[in-house]
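Worksheet: one structure, shown below.
Quick caveat: nothing in here was measured; it's all calculated off a predicted structure.
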Amino acid sequence: MDSQTSPMIVTASYMLLNFLASVAIIWINKYVFLYGFKFGTTLTFLHFVCTFAGLWICKAYKMFEVKPLRIRDVLPLCIAFCGFVVFNNLSLLFNT
């Protein structure tokens with residue numbers, strides 16, 4: 001990162017990238033369901049595998065620092081995230 005680059009611009013760029021990636025995933029999911037794929041749970045599993053792999057690669061390149069956390073502290077967030085992905089995929093499956 002250039003020392004002249006504003007942290008605000010970097011943050012805004014990452015937010016835009018996250019938004020565009022989310023929209024792309026939604027479009028791809030819709031496309032997959034439109035053409036006959038009926039396994040929403042499998043698609044959810046693939047999303048989680050890709051997320052894990054992406055985070056593992058980012059960790060290997062030291063893009064973030066891993067901090068130890070108690071499972072009990074992050075479990076509600078994990079459950080909410082899993083529910084979000086599962087219900088979005090089910091919505092695409094049944095409303096497409």
Over all heavy atoms of both residues, which pair between Lys38 and Phe33 is shortest? Give the atoms and the distance, please. NZ-O, 4.4 Å
Run the ring-centre check on Tyr35 versus Tyr31 and record whether the distance is less than 6.0 Å. yes
When hydrophobic residues are tied together by side-chain contacts of less than 4.5 Å, even through go-betweens, does Trp56 share a cluster with Tyr61? yes
Just how far is it from atom CG of Leu16 to atom OG1 of Thr11, taken to the nearest 0.5 Å? 12.5 Å
Heavy-atom side-chain proximity of Asn18 to Ser22 below 4.5 angstrom: yes
Return the CG to CG distance between Leu69 and Leu77, rounded to the nearest 0.5 Å. 10.0 Å
Indicate if Met15 and Leu17 have the same hydrophobic cluster label, given that clusters are the connected sets of ILVMFWY residues with side-chain heavy-atom separations under 4.5 angstrom. no
Please determine whether the number of non-hydrogen atoms from other residues, nucleotides or ligands lying under 6.0 Å from atom CD1 of Ile71 exceeds 12. no
For His47 and Asn29: C-alpha separation, side-chain torsions, deciding distance, then whether side chain to side chain contact (heavy atoms under 4.5 Å, CB included) applies. CA-CA 10 Å; His47 285 168; Asn29 287 348; 3.1 Å; yes
Between Phe94 and Phe87, is there shared hydrophobic-cluster membership here, with clusters defined by ILVMFWY side-chain heavy atoms closer than 4.5 Å? yes
Following the transitive rule for hydrophobic clusters with a side-chain heavy-atom cut-off under 4.5 Å over Ile, Leu, Val, Met, Phe, Trp and Tyr, establish whether Trp27 and Leu20 coincide in one cluster. yes
Single-linkage hydrophobic cluster, 4.5 Å side-chain cutoff, Val49 and Phe84 together: no
Just wondering, more than 12 heavy atoms not from Phe48 lying within 6.0 Å of its CZ? yes
